[in-house]
Protein chains: 2
Amino acid sequence: MVSLEDVAKHAQVSTATVSRALSRPEMVAEATRERILQAARELGYQPNQLARSLRQRSSRTLGLIITDILNPFHATLAKGVQDAAEKRDYTVFFFNTDEDPEKEKRALNVLRGHLPRGLLIVPSPKARENLKQVPKIPIVELDRTSGTPGVRTVMVDNAGGAKTAVQHLIELGHRRIGMIVGRLDISTAVERHQGYREALLAAGIPYREELVLPGNHREEDGRQAALALLSLPKEERPTALFVGNNEMTVGAVLAVRELGIRIPEELSIVGFDDSRWAATMHPALTVVAQPTYELGFLACETLLSSLSRGQAALPTSIRLDTTFIVRESTAPPGGLSKGLGKQRRNRH
Amino acid sequence: MVSLEDVAKHAQVSTATVSRALSRPEMVAEATRERILQAARELGYQPNQLARSLRQRSSRTLGLIITDILNPFHATLAKGVQDAAEKRDYTVFFFNTDEDPEKEKRALNVLRGHLPRGLLIVPSPKARENLKQVPKIPIVELDRTSGTPGVRTVMVDNAGGAKTAVQHLIELGHRRIGMIVGRLDISTAVERHQGYREALLAAGIPYREELVLPGNHREEDGRQAALALLSLPKEERPTALFVGNNEMTVGAVLAVRELGIRIPEELSIVGFDDSRWAATMHPALTVVAQPTYELGFLACETLLSSLSRGQAALPTSIRLDTTFIVRESTAPPGGLSKGLGKQRRNRH
DNA sequence: GTAAAGTCTGCAAACGATTGCAATATACGC
DNA sequence: GCGTATATTGCAATCGTTTGCAGACTTTAC
């Protein structure tokens with residue numbers, strides 16, 4: 001490894017001057033600088049980030065913790081973050097927790113040792129506790145919130161998105177609308193559930209507990225929940241299903257197929273979060289789409305600009321709108337399918 | 001940040017002893033060690049990895065460079081790598097190149113500054129050149145190879161997998177089999193193309209250049225290529241399509257739908273690489289499945305064990321078998337669909 | 001021509017860990 | 001009881017940067 005000192009010798013100056021030539025060019029004379037840059041180039045010098053960060057007591061890195069990289073939603077989130085970070089010359093340390101608080105804890109500890117300048121996290125259910133261990137670096141929570149005081153959040157309007165979806169079902173004439181909700185110790189699930197209730201309330205439809213089933217956000221959970229809901233006696237059985245995340249929606253659709261129930265003639269389905277799968281399956285799925293990439297990108301920019309004081313501080317908490325996309329999986333209870341491709345933008 | 005020195009003061013010993021108590025416990029007297037560990041716990045001490053790595057001139061980190069995190073194949077690869085690394089207490093620095101050699105170059109440079117102990121890379125087309133810049137750390141290429149001498153590779157048997165797929169089509173009676181091949185400066189595409197040719201050759205079917213179209217691995221490329229192939233005059237038009245990667249397969253299927261061509265009655269399709277989409281679309285897609293997670297996991301283990309000399313050195317180059325999964329998207333040229341769910345394991 | 005101001009450069013001390021070597025204390029052998 | 005081996009501990013150098021301070025030299029002002 002070629003070091004500052006090697007470059008210094010080669011250019012016949014001190015290491016201090018080399019350092020300055022590289023990071024504060026205006027402090028060194030034109031001629032000297034040229035000579036130094038030349039030498040650095042010749043030797044293929046690459047600064048040692050470890051030494052630099054050690055000395056400066058902070059590194060140009062960020063931590064990113066997500067819960068499931070195999071979920072395209074999270075992969076997209078990660079790409080948004082990475083792109084935003086790269087644009088500002090930050091490197092991101094990337095961890096995957098599989099929703100496991102223990103893994104999250106380990107990730108946080110490892111991260112600490114690398115002195116990241118900030119942290120982006122999709123918090124696990126126990127994040128609030130885990131985050132206490134972390135020294136006070138700027139944190140942005142994305143997609144959901146752990147409720148930790150003082151951290152910024154970047155999320156979508158979950159309640160609004162859910163409400164629109166359920167309203168759509170109600171307008172089509174559905175009265176028995178089931179929901180597969182997700183874990184109620186995760187804020188997104190709570191908020192989507194809230195939206196579901198609001199829509200029912202607004203339409204004067206009583207909330208029925210037995211139509212709302214929790215799930216652990218995995219495909220298999222969605223499948224089980226859908227099987228349970230759809231094996232209720234005919235008059236109790238929901239005529240429409242609202243599913244709280246993309247993976248569970250896949251499971252629900254598979255369950256429906258297993259049971260030989262036709263979509264949308266016998267059952268309408270709306271999912272939360274769009275995906276290629278949802279758009280191209282048959283019948284194409286009506287969904288509440290999220291600006292996923294933007295969510296990640298914006299979260300990272302928020303963090304970054306809260307680091308450099310020069311920038312005007314962005315708001316503490318950001319909510320992005322969802323987009324409701326009507327496709328082919330929803331129709332009136334007994335009836336005909338509606339036209340496709342209609343989009344509606346939510347406000348909150 | 002609480003440092004070794006803080007712990008040392010608190011436990012009334014020197015920093016040297018604290019360091020040893022933590023990393024070489026057997027060198028420190030029982031009682032002293034206890035006292036130190038206690039102090040460390042009380043203060044919430046977390047070692048500064050930067051300082052440690054600087055001193056040891058190497059860090060417990062790996063670099064991972066993939067080309068497209070949004071592609072589930074690559075996301076799965078990354079998860080395999082991460083899991084393997086975590087098991088051995090390594091942290092991975094993660095980069096995404098979007099197949100862009102410039103981004104790859106930048107990633108490599110950033111990586112250098114962090115002194116990773118090894119590098120895992122899905123090489124971009126220009127990787128061979130970029131890798132020259134990198135000091136000689138152990139490198140494992142995964143999924144494809146750049147041809148750089150001296151690096152290990154972990155890949156699947158692309159030629160064998162492709163050959164099986166095309167043989168299957170031939171057995172069904174197809175004679176005009178098109179291929180959407182991918183970029184020929186990427187080894188996987190070359191090998192899959194090779195397998196395609198071999199299968200034709202073995203069956204005495206002449207290779208027809210006009211039935212083989214390149215694509216840039218994206219969905220849209222697959223769509224364009226399929227549109228081109230399928231708008232050939234009736235007698236020239238392929239009756240079956242073999243598509244070289246998952247994203248292009250999606251595009252091809254969408255193109256087929258646009259044209260109103262029925263699968264498999266009017267056109268058989270086989271894709272390389274399985275996915276949820278392929279398994280659940282209608283009709284379910286016949287594919288050459290890859291052991292993706294294992295590919296990543298194994299690549300990382302290979303790298304790690306080449307680092308610790310104690311381990312028996314694993315072979316330089318690993319090939320994993322693909323699995324051919326017959327589903328519903330293939331049938332005889334004019335005819336009836338075959339049974340589904342049949343699997344066949346390849347050998348090479 | 002001299003003092004003051006300004007430019008450029010180098011010295012040396014950090015940052016927080018690891019580690020070769022030496023010092024001290026203790027145990028052991030005879 | 002003395003010499004030697006062994007077990008613990010501390011000293012201080014080191015990794016590759018950055019940066020406060022001071023010195024050397026040049027320019028400017030009067």
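Per chain, numbering begins at 1; letters A, B, ... match sequence-line order.
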Between A:Gln46 and B:Asn109, is there a donor-acceptor pair closer than 3.5 Å when you use the side chain of the first and the backbone of the second?
-> yes

Side-chain N or O of A:Arg24 less than 4.0 angstrom from OP1 or OP2 on D:dT18?
-> no

Nearest-Å distance for atom pair CG/C1', residues B:Leu22 and C:dA17 = 11 Å

With respect to B:Glu141, which candidate in B:Leu120, B:Val122, B:Leu131 satisfies the side-chain contact (heavy atoms from CB on, under 4.5 Å) definition?
-> B:Leu131

Do A:Asp83 and A:Lys87 meet the salt-bridge criterion of a basic N to acidic O distance under 4.0 Å?
-> no

SB check A:Lys126 A:Asp100 (cutoff 4.0 Å) | no

Assign a letter to each nucleotide of nucleotides 9-16 of chain D from its 5' end: B, base within under 4.0 Å of a protein heavy atom; S, sugar-phosphate only; -, no contact.
-> BBB-BBBB

For A:Glu26 and D:dT19, what is the distance between atoms CD and C1' respectively, to the nearest whole Å?
-> 14 Å

Does B:Ser19 make a side-chain N or O approach to OP1 or OP2 of C:dT18 shorter than 4.0 Å?
-> yes

Before accepting this row, confirm whether a basic side-chain N of the pair B:Asp98/B:Lys103 lies closer than 4.0 Å to the acidic partner's carboxylate O.
-> yes

Whole angstrom is fine here: how far is it from CZ in A:Arg60 over to C1' in D:dT17?
-> 16 Å

Are there any protein N/O atoms within less than 3.5 Å of an N/O atom in nucleotides 22-28 of chain C, and if so, which ones and at what distance?
none

Do A:Met155 and A:Ile318 pass the side-chain contact (heavy atoms from CB on, under 4.5 Å) test, and can you show the C-alpha distance, the side-chain angles, and the key distance before you say yes or no?
-> CA-CA 6 Å; A:Met155 303 184 282; A:Ile318 297 179; over 6 Å; no

Determine the minimum heavy-atom distance between B:Val2 and B:Gly44, stating which atoms define it.
-> CG1-O, 3.8 Å

Salt bridge check: are A:Arg144 and A:Glu99 linked by an N-O gap of less than 4.0 Å?
-> yes

